Amino acid sequence: MDPILFIVFLPLLAAIIGGLGNRMLGNTVVKALTTGALFIAAGLSWPMFFTYLTGSAEPHVVPVLHWVQSGSLSFDWALRVDTLTAVMLVVVTTVSAVVHLYSWGYMDEDPDQPRFFAYLSLFTFAMLMLVTADNLVQMFFGWEGVGLASYLLIGFWFKKPSAAAAAIKAFVVNRVGDLGFMLGIFGTYLVFNTVSIPEILVRAPSMAGSTIHFLGGEWHTMTILCILLFIGAMGKSAQLGLHTWLPDAMEGPTPVSALIHAATMVTAGVFMVCRLSPMFAVSPDAMQVVTYVGAATLFFAATIGTTQWDIKRVIAYSTCSQLGYMFVAAGVGAPGAAMFHLFTHAFFKALLFLGAGSVIHAMHHEQDMRYYGALRKQIPLTFWAMLAGTLAITGVGIVDVFGFAGFYSKDSILEAAYASASVSGRFGFWMGITAALLTSFYSWRLMFLTFYGKPRWAQSEHIQHAVHGDHHGHAAHDDGTAGYHPHESPLTMLIPLGVLSLGAVLAGFAFSHYFISDGSGEFWRGSVAFSEELIHHMHGVPDWVKWAPFAVMLTGFAIAWYAYIRNPAFPAVVVGQIGVLYKFLYNKWYFDELYDFLFVRPAFWLGNKFWKLGDVGFIDRFGPNGSAWAVALGSRVAARLQTGYLYSYALVMLLGLTGAISWVIWQAAH
């Protein structure tokens with residue numbers, strides 16, 4: 001039996017048993033079952049990945065069952081396995097496995113652990129269905145599956161109003177993107193008369209130059225289809241305009257943040273664009289749209305990350321920015337570079353999120369970095385893990401020597417953007433360089449505020465409550481610790497940090513040759529649109545292009561060091577001078593307020609009008625309420641007739657008999 005069947009369906013089986021068994025099986029059994037299933041899936045995924053790495057495996061399709069037959073629409077439920085799938089399998093199963101293990105410690109005191117672990121496994125199954133899809137409908141099934149599971153996980157603490165609101169927001173915003181994805185699928189079937197991904201990609205080049213009637217005009221067929229599909233990717237991967245759900249998703253438990261933001265849901269859009277890259281390659285206009293949106297997103301999110309205080313929100317906006325890099329790569333025709341950054345990003349971003357969770361765990365669920373400080377000696381293992389993740393995301397490395405994971409993958413994107421020699425590519429390059437500086441600044445800002453300086457724990461209500469039971473009437477200690485002693489996380493949380501640290505340190509160095517350096521594209525074997533010419537130009541970019549990311553990384557580090565170590569009063573001075581700009585960035589460019597004004601308030605106003613005028617004023621009045629009124633009136637009339645007296649009934653009978661006889665006589669006379 002093909003191992004792909006075990007990889008995909010073991011998480012589903014674990015989710016069903018754990019979810020239905022729930023408290024009957026108990027916390028330990030459900031945790032062991034779901035975690036064991038994911039580790040088995042990860043153990044099977046890595047050998048499969050290495051077979052494609054060494055070139056000893058061929059792409060193939062594993063049929064599961066015949067799914068739909070309706071007229072000319074016919075497709076099976078089948079699992080497609082190729083290099084692109086193999087990359088996603090190791091990313092999804094590895095991160096999901098370590099998140100499951102991490103959750104043993106992080107969620108240890110939660111009363112609903114079986115439900116949580118069942119949701120995690122269900123999420124993983126849906127993502128695996130998405131990345132193994134052989135047709136667009138199956139991909140959409142997985143696409144909506146991760147949307148449902150993310151709704152359940154973000155709103156896991158459903159009694160917490162902010163968590164419930166965040167879950168609804170994520171669900172609604174993603175439905176907007178999904179509308180574009182559905183229209184793209186419908187249009188693709190209309191044009192190609194099939195939903196089979198291999199058939200569509202083979203026939204896509206033949207559609208170059210063709211037009212389609214859409215919204216009252218004639219448009220380039222592939223441009224319309226690709227842009228509609230990309231709108232779906234914008235929602236799932238939180239690109240500018242449809243990004244607002246991503247930071248709010250931090251209301252879910254920290255392991256959920258790592259699973260959603262590192263390797264799974266948010267990368268689904270990038271994967272979809274790379275899987276369909278031969279379609280996008282036919283439309284230069286669609287490629288430019290992808291590049292510009294990605295470039296705008298990576299800059300936009302990085303600017304916001306420089307001002308946030310919540311440790312998880314800083315990392316969330318970092319995710320949004322890094323996804324922008326991936327779309328820039330896909331837009332300039334380097335999906336291999338996009339997938340490479342997706343691959344490395346999964347390790348160091350999951351590491352940063354789980355490391356942040358370890359900090360939060362140590363600080364009694366305090367998430368505001370203003371109340372941290374001096375933690376590197378209190379939680380040293382977490383510090384070293386976070387340091388590895390920070391070195392990876394900021395792209396620390398020496399050209400042609402060695403670097404951390406992000407050094408190889410992010411720099412390859414910037415080189416591809418510059419080498420494309422297009423206007424959109426150069427725009428992506430300069431936005432990427434600027435965002436790299438901002439990334440370095442806010443990443444080291446996070447490290448310095450959290451692990452260096454003096455303790456600021458006494459100012460935290462969470463810490464005061466942990467020490468004294470309440471925060472009233474207790475003076476702060478002179479050392480700023482409030483008498484609190486942070487503790488290192490348990491092994492179930494530290495082991496995943498160690499595993500992910502290895503990926504953050506070595507993933508770029510170990511695999512850059514296969515993803516990028518091999519100009520023949522042998523590794524990908526046609527699973528993405530590989531451009532040998534672009535790879536050749538990447539190797540020939542000027543030296544300053546290769547060294548620019550290193551220079552801005554050092555600049556960002558130096559600014560953060562000066563502002564938060566050398567001269568801690570400096571940030572307040574800067575904020576005082578650029579107060580308006582700071583407020584603009586801190587409030588996330590006012591996107592939430594803008595959407596509230598344009599969409600939320602009008603929707604509530606319209607809903608209230610339909611409710612009060614349409615529902616209550618018309619439907620209820622003339623429907624159920626009107627019927628009830630008519631019945632009540634009839635009852636009152638009937639009550640007057642039904643007096644209960646014999647003579648009244650005799651009179652009625654006499655009047656009726658008289659009327660009947662009179663009618664007969666009148667009829668006879670005429």
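Being a predicted model, the structure only gives us computed values, none of them experimental. As a basis for the values below, the full set of heavy atoms in this structure was taken, side chains included, without hydrogen atoms, waters or symmetry mates.
- Using modelled atom types and a 3.5 Å distance limit, the side chains of Asp2 and His60 yield a donor-acceptor pair.
- Residues Tyr371 and Trp457 place their aromatic rings such that the two centres sit no closer than 6.0 Å.
- Applying the ring-ring contact (aromatic ring centres under 6.0 Å, His included) rule to Phe116 yields the partners Phe156; only residues at least two apart in sequence or on another chain are considered.
- Between atom OG of residue Ser103 and atom CG of residue Asp108 there is a gap of 11.0 Å, rounded to the nearest 0.5 Å.
- The cationic group of Arg175 lies under 6.0 Å from the six-membered ring centre of Phe171 and within 45° of the ring axis, placing it in a cation-pi geometry.
- The CG atom of Leu276 lies 13.0 Å from the CZ atom of Phe230; values are rounded to the nearest 0.5 Å.
- Side-chain contact annotation: Ser409 with His341, donor-acceptor N/O pair under 3.5 Å present.
- For Phe523 and Phe515, the ring centers sit closer than 6.0 Å to each other.
- Side chains of Arg275 and Thr85: a donor-acceptor N/O pair is present below 3.5 angstrom, by distance only.
- A cation-pi arrangement is absent between Lys169 and Trp245, since the terminal nitrogen or guanidinium carbon is not both under 6.0 Å from the aromatic centre and inside a 45° cone about the axis.
- No donor-acceptor contact under 3.5 angstrom links the side chains of Trp67 and Ser74, judged on distance only.
- Gln322 and Lys349 form no side-chain donor-acceptor contact under 3.5 Å, judged by distance and modelled atom types alone.
- Side-chain N/O atoms of Tyr189 and Thr194 include no donor and acceptor closer than 3.5 Å.
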